[in-house]
Amino acid sequence: MPQHELQAVVEALHDRYRSLDEGNVATYIPELGKASPEDFGISLVATTGQVFETGDCDRTFTIQSISKPFTYGMALEEFGEAAVSRHVGVEPSGDAFNSIELQNGTNRPHNPMINAGAITVSALLHSRHRDDAFDRVLNQLSAAAGRRLSVDEGVFESERRTGHRNRAIAHLLLNFGLVHEQAERALDVYFRQCSILVTSRDLAMMGATLANMGRNPVTGEPVFDLASVRHMLAIMFTCGMYDYSGEWAYRVGVPAKSGVAGGVMAVVNRQLGIATYSPPLDSRGNSCRGIEVCVELATRFGLHAFDCSNVGSSFLQAVL
Ligand code: GLN
């Protein structure tokens, strides 16, 4: 059988960007510094369940900030939009992911994609579920991935030991009454959710679950409801790539989220989950190869939400 066009494209992209030698592996969480800068995987999962991938797509790495839209979706479903929005805003901050800054006037974190907002969301979940909060997060992310995920205890301990900046953020939030008294316990949920191990295939499947109206395209399991998916994707679109979010929206034009271990997950609504894994990061904490691959996929297939050819909305029809 001739090779599918998409398979040929992911292989060509992998070949082209394998030699891109920019960026640095994150070391501020000491355990992350052990990652190999050469690792490079690309996975696409269509909402039909078809998978196209190449490179190190079975290599596990920690999900880090890509957990944030998922816990945000969980909080929306548990507490409702009004209650969640009393704790965390929906405005891009233009600041770095770890900035220690709250919104003027309301003192809320700007949005749930930066650390301050994500810690607030984890604290909300912890305030209700206490010792069960993390297991619920793990179950939800596993359902989105369509397989049982696990935690890298080494990365968890490493961040827990050295995460002074996040600890400072949590205590600032406590000062403003945005997290409950057990801020340290909430931080443990946050550090642990960031330490969930995934592959690029898992992330593409999780993206495809969002693209597929919240239902995992392979297992058929409903994971998020429609309203939460809309909110999750909107926040990823405006805030998912931190202080690169504007340029990302301009160049790639699909909701996405990156993590400091080197993952990028992007969602083409109703069509496709895209994920890359490559640890070297640019100065904003986004994977250098990941950005290039997504820019090129979006350009080549017209995936941008505002592409005038509007291929993005009928991508599957065009290629499958
Ligand atoms: N666990 C990381 C941190 O809080 C997540 C950051 C990220 O992936 N951008 O610093």
Side-chain angles (χ1 to χ4, degrees), residues 23-35 60-72 88 92-101 109-123 125-126 134 137-138 141 149 151-173 179 183-184 186-198 200 202-203 206-207 235-236 239-245 248 256-266 275-288 290-291:
N24 295 298
V25 174
T27 53
Y28 78 98
I29 299 172
E31 198 65 18
L32 292 185
K34 295 181 179 167
T60 54
F61 55 96
T62 51
I63 189 167
Q64 298 297 338
S65 285
I66 307 169
S67 60
K68 292 171 179 173
F70 295 98
T71 49
Y72 179 58
V88 57
S93 66
D95 291 329
F97 68 89
N98 58 2
S99 85
I100 306 188
E101 216 200 347
H110 292 277
N111 66 70
M113 299 297 104
I114 52 172
N115 291 5
I119 292 168
T120 305
V121 165
S122 303
L125 296 173
H126 183 265
F134 175 72
V137 170
L138 186 64
L141 270 64
L149 301 175
V151 170
D152 186 324
E153 294 293 339
V155 172
F156 166 66
E157 289 298 342
S158 182
E159 183 166 16
R160 188 180 202 227
R161 206 175 54 247
T162 58
H164 309 301
R165 195 177 172 102
N166 283 329
R167 195 154 272 121
I169 290 172
H171 284 271
L172 182 66
L173 294 166
V179 302
E184 292 288 332
L187 264 179
D188 277 350
V189 174
Y190 172 73
F191 290 148
R192 211 172 254 288
Q193 81 189 44
C194 288
S195 302
I196 292 174
L197 283 166
V198 288
S200 64
D202 291 327
L203 286 183
M206 294 163 88
I235 289 285
M236 285 166 62
C239 311
M241 303 299 277
Y242 312 116
D243 39 342
Y244 186 71
S245 297
W248 176 275
K257 188 73 204 78
S258 64
V260 286
V264 175
M265 176 187 80
T276 56
Y277 169 53
S278 168
L281 309 178
D282 64 17
S283 59
R284 279 125 155 179
N286 297 321
S287 167
C288 295
I291 287 183

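Counting begins at 1 with the first residue of the sequence. Every number for a ligand or one of its atoms is a count from 1 in the order of the listing.
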* Out of Glu159, Gln64, Arg165, Lys68, who gets a non-hydrogen atom closest to atom 3 (C) of ligand 1? ->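 Comparing heavy atoms across Glu159, Gln64, Arg165, Lys68, the nearest one to atom 3 (C) of ligand 1 lies in Glu159.
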* Can you figure out which of Tyr190, Phe156, Phe191, Tyr242 has its heavy atom closest to atom 4 (O) of ligand 1? =>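 Minimum heavy-atom distance to atom 4 (O) of ligand 1 goes to Tyr190.
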* Using modelled atom types only, decide if a donor and an acceptor are shared between the side chain of Arg167 and the backbone of Leu187 within a distance under 3.5 Å. =>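 Not at all, since once roles are kept as given, no pair shorter than 3.5 Å links the two residues.
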* Asked: Counting only N and O atoms by type, is there a donor-acceptor contact under 3.5 Å from the side chain of Asp95 to the main-chain atoms of Ser99?
  ->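 No: the side chain of Asp95 does not pair with the backbone of Ser99.
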Relative to the heavy atoms of [X], which atoms of ligand 1 are at a distance of less than 4.0 Å?
X	value
Asn166	3 (C), 4 (O), 10 (O)
Cys194	1 (N)
Gly259	8 (O)
Ser65	5 (C), 6 (C), 7 (C), 8 (O), 9 (N)

* Ion pair Glu153/Arg192, N-O distance below 4.0 Å ->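 Here Glu153 pairs with Arg192 in a salt bridge, since their nearest N and O are under 4.0 Å apart.
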* To do: Write out the residue and atom name of the closest protein heavy atom to atom 10 (O) of ligand 1, then the distance separating them to 0.1 Å.
  =>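 For atom 10 (O) of ligand 1, the nearest protein heavy atom comes out as Tyr28 OH, 2.4 Å.
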* How about Phe156 and Phe191: are their ring centroids closer than 6.0 Å? ->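 Between Phe191 and Phe156, which both carry aromatic rings, the centre distance is not below 6.0 Å.
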* Would one find an N or O of Val260, backbone or side chain, under 3.5 Å from an N or O of ligand 1? ->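 Yes, at least one N or O pair falls under 3.5 Å.
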* **Flag side-chain contact, heavy atom, 4.5 Å: Leu197 against Thr62** =>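 When only atoms from C-beta onward are counted, Thr62 and Leu197 do touch, with a gap below 4.5 Å.
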* Asked: Relative to each other, are the rings of Phe97 and Tyr28 parallel, tilted or perpendicular (30° and 60° limits)?
  ->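 Geometry flag for Tyr28 against Phe97: tilted rings.
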